[in-house]
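Inspection log for the structure reproduced underneath, given as structure tokens.
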Amino acid sequence: MKILVINGPNMNMLGIREVNIYGRDTYENLLKLIDQVAHEENIEIQEFQSNHEGDLVDKIQSAYKKVDGIVINPAGYTHTSVAILDALKAVSIPTVEVHISKVSEREDFRQVNFIRSYVIKSFEGYGIEGYKKAIIYLKNYLREQK
């Protein structure tokens, strides 16, 4: 089983930016957690992060027929990117959304979520542990679909 984990803009700044919202875990901590889950769950996981919307779209498109599922944290693009939504729809790969903070309880402009209309499940507000929940959920979903 192959899963692609995609992180959007500023996720590489975890542990530095707005620690009162995102916590003190660094991006390196997140990658270690993902690698640990991959090992424990016997899943091949590829990780990708970019601050550029087009790079995220390109990565989603390049996953077509190459991965079984996607876990995505589009970060700020959650609220603005029809392009990322369209790319997910185009490849039609089962996708789970994850957010470190509880986005649904934050600023008004964050209440727009283009991605949520497509994904099979969303996890928010669990810190980096939300990635573990998202990966395991997606693994179980993919197994049930076979």
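Keep in mind that the numbers below use all heavy atoms, side chains included, and drop hydrogens, waters and symmetry copies.
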With side-chain contact (heavy atoms from CB on, under 4.5 Å) as the criterion, how do N29 and L14 come out once you've worked through the C-alpha distance, each side chain's angles and the decisive distance to 0.1 Å?
CA-CA 9 Å; N29 294 140; L14 283 177; over 6 Å; no
Between atom [atom1] of [X] and atom [atom2] of [Y], what is the distance when rounded to the nearest 0.5 Å?
X	Y	atom1	atom2	answer
N7	L30	CG	CG	5.5 Å
Q36	L31	CD	CG	13.0 Å
N113	S81	CG	OG	11.0 Å
M1	I135	CE	CD1	12.0 Å
I128	T26	CD1	OG1	7.5 Å

Does any non-hydrogen side-chain atom of [Y] lie less than 4.5 Å from one of [X]?
X	Y	result
Y141	I120	yes
Y131	V37	no
K59	L4	yes
L33	E129	yes
L142	P94	yes

By the rule that ILVMFWY residues connect when side-chain heavy atoms come within less than 4.5 angstrom, directly or transitively, which residues belong alongside I16?
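ILVMFWY cluster around I16 also holds M13.
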Does anything in residues 130-142 pair up under salt bridge (Lys or Arg N to Asp or Glu O under 4.0 Å), and if so which pairs, sequence neighbours excluded?
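Residue pairs with at least one partner in residues 130-142: E41-K139.
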Do any pairs count as a salt bridge (Lys or Arg N to Asp or Glu O under 4.0 Å) and have a residue in residues 88-99, sequence neighbours left out, and if so which ones?
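Salt bridge (Lys or Arg N to Asp or Glu O under 4.0 Å) check on residues 88-99 returns E97-R116.
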Non-neighbouring partners of Y77 that pass side chain to side chain donor-acceptor pair (under 3.5 Å), sequence neighbours left out
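Expected list: none.
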Could you pull out all residues at least two apart from Q61 that satisfy side chain to side chain donor-acceptor pair (under 3.5 Å)?
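Testing Q61 for side chain to side chain donor-acceptor pair (under 3.5 Å), a comparison that skips the adjacent residues, returns none.
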Can you name the closest pair of heavy atoms from [X] and [Y] and give their distance?
X	Y	answer
G76	P9	N-CG, 4.2 Å
V71	A134	CG1-CB, 3.9 Å
H99	P74	CE1-CD, 4.0 Å

Same apolar cluster (I L V M F W Y, side chains within < 4.5 Å links), Y27/V19
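Different clusters.
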Start with the C-alpha gap between S117 and L85, add the side-chain angles, then the distance that decides, and say whether side-chain contact (heavy atoms from CB on, under 4.5 Å) holds.
CA-CA 9 Å; S117 67; L85 171 62; 3.9 Å; yes
Step by step, would you call N73 with I6 a side-chain contact (heavy atoms from CB on, under 4.5 Å)?
CA-CA 6 Å; N73 183 341; I6 299 175; over 6 Å; no
Atom OH of Y126 with >12 non-hydrogen neighbours under 6.0 angstrom:
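At most 12 heavy atoms, drawn from other residues, nucleotides or ligands, come within 6.0 Å of this atom.
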Taking the inter-plane angle between the rings of F123 and Y137 on a 0 to 90° scale, is it parallel (under 30°), tilted (30 to 60°) or perpendicular (over 60°)?
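Perpendicular: the ring planes of F123 and Y137 meet at over 60°.
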Do the side chain of D68 and the main chain of K2 share a donor and acceptor less than 3.5 angstrom apart?
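Yes, because the side chain of D68 sits within donor-acceptor range (under 3.5 Å) of the backbone of K2.
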Is it true that a side-chain atom of T95 and a backbone atom of I93 form a donor plus acceptor pair closer than 3.5 Å?
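Side chain of T95 to backbone of I93, a donor-acceptor pair under 3.5 Å: yes, one is there.
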Between side-chain atoms of residues 42-51 and protein atoms elsewhere (two or more places apart, or another chain), which donor-acceptor pairs fall under 3.5 Å?
{"from": "Q49", "atom 1": "NE2", "to": "G8", "atom 2": "O", "distance (Å)": "3.1"}
{"from": "Q49", "atom 1": "NE2", "to": "N12", "atom 2": "OD1", "distance (Å)": "3.4"}
{"from": "Q49", "atom 1": "NE2", "to": "N51", "atom 2": "OD1", "distance (Å)": "3.1"}
{"from": "S50", "atom 1": "OG", "to": "H52", "atom 2": "N", "distance (Å)": "3.0"}
{"from": "S50", "atom 1": "OG", "to": "D55", "atom 2": "OD2", "distance (Å)": "3.2"}
{"from": "N51", "atom 1": "OD1", "to": "N10", "atom 2": "N", "distance (Å)": "2.8"}

Evaluate the criterion side-chain contact (heavy atoms from CB on, under 4.5 Å) for residue pair I72 and I84; output intermediate values, then yes/no.
CA-CA 10 Å; I72 187 168; I84 290 173; 4.0 Å; yes
